[in-house]
K.L.:
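The structure under discussion is supplied below as structure tokens; questions concerning it will follow.
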There are 2 protein chains.
Amino acid sequence: MPVHQHIRVTADAVVLRFNSKEGMMVLLSKRSIPPHIFKWGLPGGFVQNDEPLENAVHREIRDETGLRVNYLEQFKTFGAPDRDPRGRVLCVAHVGLIKPSAAKLTLGAGNKEARWYPVRELPQMAFDHAEVIAAALDHLRLRFRHEPLAFELLDAKFPVSELEKLYEWLYDRMVDRRNFQKKIHGLGLLTTQQEKLKHPLQGRPAQLFSFNREKFTELQEKGTFVEIFS
Amino acid sequence: MPVHQHIRVTADAVVLRFNSKEGMMVLLSKRSIPPHIFKWGLPGGFVQNDEPLENAVHREIRDETGLRVNYLEQFKTFGAPDRDPRGRVLCVAHVGLIKPSAAKLTLGAGNKEARWYPVRELPQMAFDHAEVIAAALDHLRLRFRHEPLAFELLDAKFPVSELEKLYEWLYDRMVDRRNFQKKIHGLGLLTTQQEKLKHPLQGRPAQLFSFNREKFTELQEKGTFVEIFS
DNA sequence: GCAAAAGTGTTGAGTTTACACCCATGT
DNA sequence: ACATGGGTGTAAACTCAACACTTTTGC
């Protein structure tokens with residue numbers, strides 16, 4: 001049985017970036033070969049025989065888009081026998097998070113065309129990749145409540161409103177600004193920075209904060225049940 | 001690249017059962033072939049080329065132990081290049097939950113030796129299977145808070161104390177009996193049964209309840225944020 | 001009657017929600 | 001001066017945590 005097994009394995013990534021103006025965006029690359037040629041798909045590809053899965057994902061993201069994510073986590077393996085017309089191909093799907101300042105695509109750098117698309121306005125997708133993206137967001141909705149992943153989508157210094165709007169986008173509901181600040185500051189998770197946001201497009205410049213990871217791990221180790229968002 | 005890829009894929013299961021006397025138990029089967037011959041490992045094995053992953057798991061559990069789980073969910077894929085001495089073998093790991101009344105092993109039925117082991121007193125394990133079991137429990141700790149998976153580990157009719165002790169075991173802390181009952185009944189998730197527990201080993205016979213799944217989906221659809229346990 | 005587990009309410013503390021006005025900046 | 005988003009406090013509702021005695025059964 002093992003001798004006759006012929007299953008190929010890809011490692012693919014749902015790479016996300018977020019800002020309050022555009023919402024959540026996903027990194028797609030245009031396929032230049034069949035199957036699904038010219039459709040958009042997730043960056044990713046076949047894993048090398050002796051290569052760890054995460055390496056494969058980092059490599060493929062870099063090769064196809066020139067970007068480097070700062071957070072990467074595997075979340076599900078897609079294995080329906082007919083999901084790839086070439087035969088049995090498993091897709092070990094990952095989510096990657098990237099900060100806005102590191103998300104700029106230098107077009108034409110790679111040999112593939114890569115673009116950011118709004119997660120809620122996807123083009124026609126190759127394979128089952130629309131389903132993979134949906135599953136990635138479900139996964140994040142579970143994790144964001146108790147783990148400080150949101151900060152992986154924000155620059156090192158950020159206004160509270162950006163954090164708030166990220167949660168609003170993900171859970172698709174409005175959040176009271178005052179209550180949100182009370183909660184997040186009450187936990188002591190944000191460190192006030194000297195600077196304020198320069199040249200806001202409109203309105204009063206916002207105070208910038210950074211994530212206090214030491215405080216967070218301290219709380220976790222003390223056994224406090226940390227719920228960032230409910 | 002894809003042509004030369006040679007990666008094999010197994011689907012394995014961390015099958016769990018629970019009761020308040022013995023705690024959480026995991027189903028292991030004794031390996032009868034190398035590598036790791038005579039060590040204990042998770043039920044599972046190579047996926048057939050055209051076989052869905054879940055099917056493979058159900059098949060292997062049945063063949064190796066004679067049991068059928070009533071809940072099965074994939075939770076992580078283990079892919080370290082050196083985790084199997086035979087070469088590159090990915091393990092798509094699942095958790096299976098089974099009710100106590102369906103968990104009796106008919107020894108000698110299969111050709112492999114299968115046994116239930118207390119999760120906190122594992123024998124020496126094959127491959128990275130100890131790590132897989134730990135990851136399964138971490139996964140369940142995330143899911144049990146908001147999803148009604150606990151009921152998959154209890155018989156159709158169960159005393160509240162059994163549910164409570166399951167949560168106590170998983171989160172490793174004591175829970176106040178009165179507060180727990182208030183919460184769970186407050187949500188309206190349990191239906192009182194006619195019967196009481198017959199012949200308790202000691203003490204007053206407990207009222208039996210069943211899980212009210214309709215009520216649960218109703219709450220979910222109403223958009224109520226259902227937190228079974230905090 | 002004794003041992004063992006089940007059942008049951010109240011109170012105080014803490015948390016969550018709802019809500020509206022002034023502030024700092026760019027144009 | 002006006003438009004835009006940022007910053008801030010309080011009171012009421014609700015939820016959570018702590019706590020002990022009585023009941024039902026088997027032996």
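Throughout, protein chains are lettered first and strands after them, A, B, ... in sequence-line order, and every chain is numbered starting at 1.
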K.L.:
Let me spell it out: for each of B:Arg204 and B:Asp176, pick the nucleotide of DNA chain C with the closest heavy atom. Which residue's pick is nearer the 5' end?
P.N.:
B:Arg204
K.L.:
Can you see which heavy atom on B:His146 is nearest to which on B:Phe225, and at what distance?
P.N.:
CE1-CZ, 3.3 Å
K.L.:
Less than 4.5 Å apart, side chain to side chain, heavy atoms only: is that true for B:Val119 and B:Trp169?
P.N.:
yes
K.L.:
Without decimals, in angstroms, what is the distance between A:Phe209 CZ and D:dG7 P?
P.N.:
6 Å
K.L.:
Provide, to the nearest angstrom, the distance between the CD atom belonging to B:Gln202 and the P atom belonging to D:dG26.
P.N.:
12 Å
K.L.:
Round to a whole Å and report the spacing from CD of A:Gln181 to P of D:dG6.
P.N.:
9 Å
K.L.:
Got A:Leu27 and A:Ile98 here, is their nearest side-chain heavy-atom distance under 4.5 Å?
P.N.:
no
K.L.:
Which nucleotide sits closest to the side chain of B:Pro205: D:dG5, D:dG7, D:dT25?
P.N.:
D:dT25
K.L.:
Base, sugar-phosphate, or nothing: which does A:Ser161 touch, judged by heavy atoms less than 4.0 Å apart?
P.N.:
sugar-phosphate
K.L.:
Provide, to the nearest angstrom, the distance between the CZ atom belonging to B:Arg177 and the P atom belonging to D:dC21.
P.N.:
14 Å
K.L.:
Any idea how B:Phe151 and B:Phe211 line up, ring-wise: parallel (<30°), tilted (30 to 60°), or perpendicular (>60°)?
P.N.:
parallel
K.L.:
Does anyone know the first and last nucleotide of DNA chain C in reach of chain A, 5' to 3', at under 4.0 angstrom to a heavy atom?
P.N.:
C:dT16 to C:dT25
K.L.:
List the atom of A:Glu64, the atom of A:Pro43, and the distance in Å for their closest heavy-atom pair.
P.N.:
OE1-CA, 3.2 Å
K.L.:
Specify the separation, in whole Å, of atom NZ of B:Lys183 and atom P of D:dC14.
P.N.:
17 Å
K.L.:
How are the rings of B:Phe75 and B:Phe78 set relative to one another: parallel (under 30°), tilted (30 to 60°) or perpendicular (over 60°)?
P.N.:
perpendicular
K.L.:
Rounded to whole angstroms, how far apart are CZ on A:Phe180 and P on D:dT8?
P.N.:
15 Å
K.L.:
Given the structure, check if the side chain of A:Arg178 and the base of D:dG7 hold any donor-acceptor pair shorter than 3.5 Å.
P.N.:
no
K.L.:
For A:Leu201 and for B:Lys182, locate the closest nucleotide of DNA chain C by heavy-atom distance; then report the residue assigned to the nucleotide nearer the 5' terminus.
P.N.:
B:Lys182
K.L.:
Using a strict threshold of under 4.0 Å (side-chain N to carboxylate O), is an ion pair present between A:Glu152 and A:Arg213?
P.N.:
yes
K.L.:
Rounded to whole angstroms, how far apart are CE on B:Met174 and C1' on D:dA17?
P.N.:
16 Å
K.L.:
Nearest-Å distance, CD (B:Gln207) to P (D:dT25)?
P.N.:
12 Å
